[in-house]
Amino acid sequence: MTSSSSPSRKTLSKIATNRLQKELMEWQLDPPCGFTHRVSDNLYRWIIDVIGAPSTLYAGETYQLQVDFSDHYPMDAPQVIFLHPAPLHPHIYSNGHICLDILYDSWSPAMTVGSVCISILSMLSSSTAKQRPADNDRYVKNCRNGRSPKETRWWFHDDKV
Amino acid sequence: MGNKLGRKRHMVDDKYTKPQGLYQNNDVNQKKLRKLILGSKLAPCYSGYDDSSAVHDLEECPICFLHYPSLNRSTCCMKGICTECFLQMQPPHSSRPTQCPFCKTSNYAVEYKGMKSKEERGKEQLEEQRVIEAKIRMQQKEYQEQEKNLQKRQEVHPSNMLTVPGEIEYRDPSNNSCSVIADEQLDQQVSLADIETPMNHRNYEFDTDLEEIMIMEAITLSMQEHNNSHRDSVTKGSASSAPSPSEDSTVHMMTQGEMPSTGGLAYGDPTTVGVNQLVSHGPLNSDDVSSSFSLTTSPHLFCFPTANENSVGDITQMNWIEALRAIDRKQHVDDDGSGMTEAGASYSSSGVVPGSIPTEASPLHVGSIPTEASPSHVGASIIPSEYFSRQSFEEQMMLAIALSLADSHPSQVNREQIGSSNK
């Protein structure tokens, strides 16, 4: 058992760093359409502009996603929220939390920031009504202490939107 | 035991039989791991390279993005994964069966087949190329939509009928056709499993196939230039430049091109041609784009996946793969007699998997097998390859012509329409 003691936090963040650097590089070479990554020196927090897809309810509107990565990325899902103002959507709470399974239970390390972004845009695009989730007020109140959406036990009930 | 092709158990250096410390929580049975690596059941734990240029023929692990001489493959979807990432995927004390991180099949398992063969790499290259082409098309489509919007604002007349389907298609995130395809595919998977395909044969044929496509692209580009300079006489001009296309085959190709609008997913060599046509147009008249799009591309390829449907990492790629398979089948039916085997058979027949694939895996097997989804011509073992490749080359030529005809026709009509409405 020589190797289990030596890998420290440093090597662990090395894999996250390495992956994020490569993802960023790929993003810059070939950004997913409808998204702009705001340049920053913080590799572990990406701010991404999302432009609503044409001929959808959100056409021409721009929103901001904040993606935070832990040291355990990609084994751990990133925390993805909309910055204020969050788009009006049946699965997006007014505090920016997004009810989307791939961000929580269904996360797979094979996913990337790009693929997550596309899923979110797809979710926006398929919306038929600009409205908040039914339990918005209750949920937002429960999150007042700055709870991460990753701590929420989500219940994914609607597979239509 | 399960090792095919007479691959010898080569000795693995002892230091590669344990994790290199890529991850912190290596709660693994080191003895068992060592045994599996020495028995060639798992890839050795080499330290990954940061970039692929350092050493030749490295594969990138899609989880850690490091490059390795060889990777394990998931039994369900053949995706590669390095041993250390794989160990992270299977928490040893978890009660739930692990899902494949790529295709979400439960009871995730991997096998190790050594380094990738030349043909596997070639297939991947081809697939990558197609994804790139798809991206180009998407950009074109977007550009076209913008143009259209501009046009709509400028003129109120609903002069361009062709824009309507395009818009609807873009909005429709339909998955119905996908599931149908999956069902069909399942049937085929079973039946194809019995067909044996000699390895080296496939290898050879694949090479010619790739070459064909490249040549086709070059030809289409030059044809397009030619067409542009003779816009008015396109109909007859380009038809006569073909290597004696029979009436039948032209029609046949047209139907293939139109398939997307009726049948759902479709993609294959035909669209390869389509891309080049679009690209070579230069500054695009939006009418041109919409007309060629309605012929060459599938509406469903542009829709995003529904968010909550357990989408995996490379969603777009999966769509393409399914699309590829759709056209595979189409051609399979069409060239009746020549396309005996599909590439899908190659893996099942190669004999590494026996017994190790859980039966539950096979339905999901279907939706997302990247390496298996390869051009339709790969597998035909009965027809002499020379004949076969030449035939498909001709087919492609004809398709190119058919497409350019189709391209020029509607756009001319449109121009007239616009012209009259402007009056």
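To find a chain, count down the sequence lines: A is the first, B the second, and so on, and within it residues start at 1.
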>> Any donor-acceptor pair under 3.5 Å linking the side-chain atoms of B/E84 with those of B/Q88?
In response: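 Result is no, nothing qualifies.
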
>> More than 12 heavy atoms of other residues, nucleotides or ligands under 6.0 Å from CZ of A/R147: yes or no?
In response: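 More than 12 within 6.0 Å, yes.
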
> Would the number of heavy atoms belonging to other residues, nucleotides or ligands and lying under 6.0 Å from NZ of A/K130 be above 12?
Replying inline: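 Buried by this count: over 12 neighbours within 6.0 Å.
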
> Relative to chain A, which segment of B/L66 carries a heavy atom at a distance below 4.5 Å: side chain, backbone, both, or neither?
Replying inline: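 B/L66 touches chain A through backbone and side-chain heavy atoms alike.
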
> Are the side chain of B/Q20 and the backbone N or O of B/K18 linked by a donor-acceptor pair below 3.5 Å?
Replying inline: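 Yes: the side chain of B/Q20 pairs with the backbone of B/K18.
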
> Given a strict heavy-atom distance threshold of 4.5 Å, which part of A/P74 is in contact with chain B: side chain, backbone, both, or neither?
Replying inline: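 Side chain only.
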
> Side chain, backbone, both or neither: which part of A/D30 has a heavy atom under 4.5 Å from chain B?
Replying inline: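 For A/D30, the contact with chain B is made by the side chain alone.
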
